[in-house]
Amino acid sequence: MPIPKNYTSSIRLTAKEKAFRQLQSWIIDGTLEPGEKLYDAEIAEAIGVSRTPVREAFQLLEVQGFIETYRGRDTRVTTVSKEDVQTMYLPLASLQALAAQLAATAITEEQIATLNEINASYKQAIYDKDVPKIVEMDSQFHTFILEIVDNPYIINFTSVLQLHIQRLEYIFFKQQHIPKEESIDEHERIVQAFVQKNGKLAAEIMEQNWLRPMKEVYQLM
């Protein structure tokens, strides 16, 4: 897929950060497709940086598992296999369930209101079939819960996993498999469990919220 030529950044970043964030975004949303060969000169021109920060970004993306670089050969976007689905979803479901259990005892009324607002935007995005917005608001919902827990180990372990799952979600949703009421309902039930300060219930629903789509994505790949 051609590299976009109209890239603009509204945030002041270092050249390496700019290259890293944009490449990561293009890989996640499918602009750069699985198996696609990457050319540092082409990417540098598109983003508006030199080739050195692009190569540095390649190194970071390889550590995260988004690209594969072969010495003296190609640099390519990693492919996504059916086996990757369970490998990614299962540990993330467990970590997110733990976060929900911990958040239930710490969450405030104001934070519950924020979660309801995020879920309302998520619900609207589903009805509008707005794939980027669906992925964004779902990520915001789960990330906000992680921030409530404020456990750096859980946050660090889930961050890259969640990005890989966003990549799967784009593939999944672009095939017209837009999430339905089950996902909205699960979010609402998680919030209700928080209202009740019921950590066990919040964890159970959270795990279901990740394992249900895992099964759907696995069957369709």
Side-chain angles (χ1 to χ4, degrees), residues 10 24-31 80 85 88-150 154-155 158-221:
S10 59
Q24 187 185 69
S25 176
W26 281 339
I27 292 170
I28 289 170
D29 70 14
T31 299
V80 181
V85 176
M88 295 174 189
Y89 269 95
L90 288 174
L92 185 58
S94 297
L95 287 167
Q96 291 278 359
L98 175 59
Q101 183 174 1
L102 296 173
T105 59
I107 196 166
T108 65
E109 291 184 6
E110 182 179 355
Q111 289 168 331
I112 287 173
T114 299
L115 280 175
N116 280 325
E117 291 172 5
I118 294 171
N119 201 40
S121 297
Y122 176 62
K123 181 177 182 178
Q124 187 61 52
I126 288 176
Y127 289 155
D128 294 340
K129 298 184 178 180
D130 184 343
V131 172
K133 193 69 173 180
I134 292 170
V135 175
E136 177 190 354
M137 300 317 300
D138 187 49
S139 177
Q140 279 193 28
F141 182 86
H142 293 287
T143 300
F144 189 74
I145 294 171
L146 293 175
E147 291 171 353
I148 293 169
V149 176
D150 193 26
I154 296 177
I155 291 171
T158 59
S159 59
V160 176
L161 276 172
Q162 195 155 328
L163 290 172
H164 279 282
I165 285 181
Q166 285 179 17
R167 188 181 177 200
L168 287 172
E169 287 176 340
Y170 269 102
I171 296 171
F172 185 60
F173 297 157
K174 283 180 178 179
Q175 296 175 355
Q176 300 303 311
H177 299 292
I178 301 296
K180 299 181 177 64
E181 283 70 18
E182 293 96 329
S183 185
I184 300 168
D185 178 64
E186 285 160 359
H187 282 196
E188 291 174 347
R189 288 165 56 207
I190 289 167
V191 175
Q192 188 57 40
F194 287 156
V195 171
Q196 299 168 359
K197 302 293 184 182
N198 190 334
K200 182 180 178 181
L201 179 61
E204 290 174 354
I205 301 169
M206 179 66 80
E207 187 172 42
Q208 176 185 339
N209 184 240
W210 287 103
L211 295 184
R212 179 187 48 75
M214 178 195 75
K215 295 172 183 175
E216 294 173 357
V217 173
Y218 186 83
Q219 290 173 355
L220 287 164
M221 285 192 70

Rounded distance (nearest 0.5 Å) linking atom [atom1] of [X] with atom [atom2] of [Y]:
{"X": "Lys123", "Y": "Ile134", "atom1": "NZ", "atom2": "CD1", "result": "14.0 Å"}
{"X": "Gln24", "Y": "Gln166", "atom1": "CD", "atom2": "CD", "result": "8.5 Å"}
{"X": "Arg189", "Y": "Glu204", "atom1": "CZ", "atom2": "CD", "result": "9.5 Å"}
{"X": "Asn198", "Y": "Ile190", "atom1": "CG", "atom2": "CD1", "result": "12.5 Å"}
{"X": "Gln101", "Y": "Leu201", "atom1": "CD", "atom2": "CG", "result": "11.0 Å"}
{"X": "Ile184", "Y": "Asn209", "atom1": "CD1", "atom2": "CG", "result": "11.0 Å"}

(message) Over 60° means perpendicular and under 30° means parallel, so tell me whether Trp210 and His142 are parallel, tilted or perpendicular.
(response) tilted
Please report the shortest heavy-atom distance between [X] and [Y], naming the atom on each side.
{"X": "Ala100", "Y": "Phe194", "answer": "O-CE2, 3.2 Å"}
{"X": "Met137", "Y": "Ser121", "answer": "CE-CB, 3.6 Å"}
{"X": "Ile28", "Y": "Tyr170", "answer": "O-CD1, 3.3 Å"}
{"X": "Ile154", "Y": "Leu95", "answer": "CG2-O, 4.2 Å"}
{"X": "Ile205", "Y": "Glu186", "answer": "CG2-O, 3.5 Å"}
{"X": "Val149", "Y": "Ala99", "answer": "CG2-O, 3.1 Å"}

(request) Run through Leu98, Ile165, Leu92, Leu163 and flag the one making a side-chain contact (heavy atoms from CB on, under 4.5 Å) with Thr158. (result) Leu92
(message) Between Asp128 and Lys133, does the side chain to side chain contact (heavy atoms under 4.5 Å, CB included) criterion hold? Intermediate values first, please.
(response) CA-CA 9 Å; Asp128 294 340; Lys133 193 69 173 180; over 6 Å; no
(request) Would you check, one step at a time, whether the test side chain to side chain donor-acceptor pair (under 3.5 Å) holds for Gln111 with Thr108? (result) CA-CA 5 Å; Gln111 289 168 331; Thr108 65; 3.3 Å; yes
(message) Is there a side chain to side chain contact (heavy atoms under 4.5 Å, CB included) between Glu169 and Asp138? Walk through the geometry before answering.
(response) CA-CA 10 Å; Glu169 287 176 340; Asp138 187 49; 3.4 Å; yes
(request) Mind running side chain to side chain contact (heavy atoms under 4.5 Å, CB included) on Tyr89 and Val217 for me, showing each step along the way? (result) CA-CA 10 Å; Tyr89 269 95; Val217 173; 4.1 Å; yes
(message) Donor-acceptor check, side chain of Gln219 to backbone of Glu216, threshold 3.5 angstrom: yes or no?
(response) no
(request) Determine yes or no for a side-chain-to-main-chain donor-acceptor pair under 3.5 angstrom, with Thr31 supplying the side chain and Ile27 the backbone. (result) no
(message) Are more than 12 heavy atoms, taken from residues, nucleotides or ligands other than Lys200, located less than 6.0 Å from that residue's NZ atom?
(response) no
(request) Could you please spell out the steps behind the side chain to side chain donor-acceptor pair (under 3.5 Å) verdict for Gln96 and Gln162? (result) CA-CA 10 Å; Gln96 291 278 359; Gln162 195 155 328; 3.0 Å; yes
